[in-house]
Amino acid sequence: MSPGSTNGTNNFAKNDINAIRAMGAVPGGYFVNRRFTDTNGYFVKTDVPNGAKMFNRTPLQTKMEEDFDTGNLRFKARERYSFGVSDWRGYFGSAGS
C-alpha cells in the first residue's frame, strides 16, 4: 500500500472486500429494481413472518375459440392478485438523498 492510498479508493477498488457478501448478511442474494429513480435509496426485505402478503384473488382462467373470418385461434387468460403488508417490520429502507 502506497502512502496516500486508502481502502476504497480507485487504487484498491479491485481488492476491496464486500462486507455484506463476506458476512452472508443477505443469504438470498439481492435484486436491483431498475424502476427506482434514486440511485442512493435502498430497501431490504426482512425475515419477519407475515410481513409481505400476496393473495390469488381469482385463479387462472383460460379460454380459446376459433375466429370464423380468419381461421386463427384466439386465446384469452384472466387472473387477479392482491398485494399488501401485514407487519411494517417486513421491510427496512432508506429513501436516499
Participant: Minimum heavy-atom separation for Arg57 to Ser82, with atom names?
Facilitator: CD-CB, 3.3 Å
Participant: Looking at Glu79 and Asn56, what are the two nearest heavy atoms and their distance?
Facilitator: OE2-ND2, 3.8 Å
Participant: Can you name the nearest heavy-atom pair linking Arg78 to Thr58, along with the distance?
Facilitator: NH1-CG2, 3.6 Å
Participant: With a cutoff of under 4.5 Å between side-chain heavy atoms, which Ile, Leu, Val, Met, Phe, Trp and Tyr residues group with Leu60?
Facilitator: none
Participant: Do side-chain atoms of Thr46 reach the backbone of Gly90 as a donor and acceptor pair under 3.5 angstrom?
Facilitator: yes
Participant: In the hydrophobic clustering (ILVMFWY, side-chain contacts below 4.5 Å, transitive), which residues join Trp88, or is it alone?
Facilitator: none
Participant: Got a sec: does the CE of Met64 have more than 12 other heavy atoms crowding it under 6.0 Å?
Facilitator: no
Participant: State, to 0.1 Å, how close Ala77 and Thr62 come at their nearest heavy-atom pair, and which atoms those are.
Facilitator: CB-CG2, 4.1 Å
Participant: What residues form a salt bridge (Lys or Arg N to Asp or Glu O under 4.0 Å) with Arg34, not counting sequence neighbours?
Facilitator: none
Participant: Test of understanding: with salt bridge (Lys or Arg N to Asp or Glu O under 4.0 Å), list the residues that count as partners of Glu65, not counting sequence neighbours.
Facilitator: Arg74
Participant: Keeping to residues at least two apart or across chains, list the ring-ring contact (aromatic ring centres under 6.0 Å, His included) pairs with something in residues 41-63.
Facilitator: Phe36-Phe43
Participant: Please collect all ring-ring contact (aromatic ring centres under 6.0 Å, His included) contacts where either partner lies in residues 60-87, sequence neighbours excluded, each pair once.
Facilitator: none
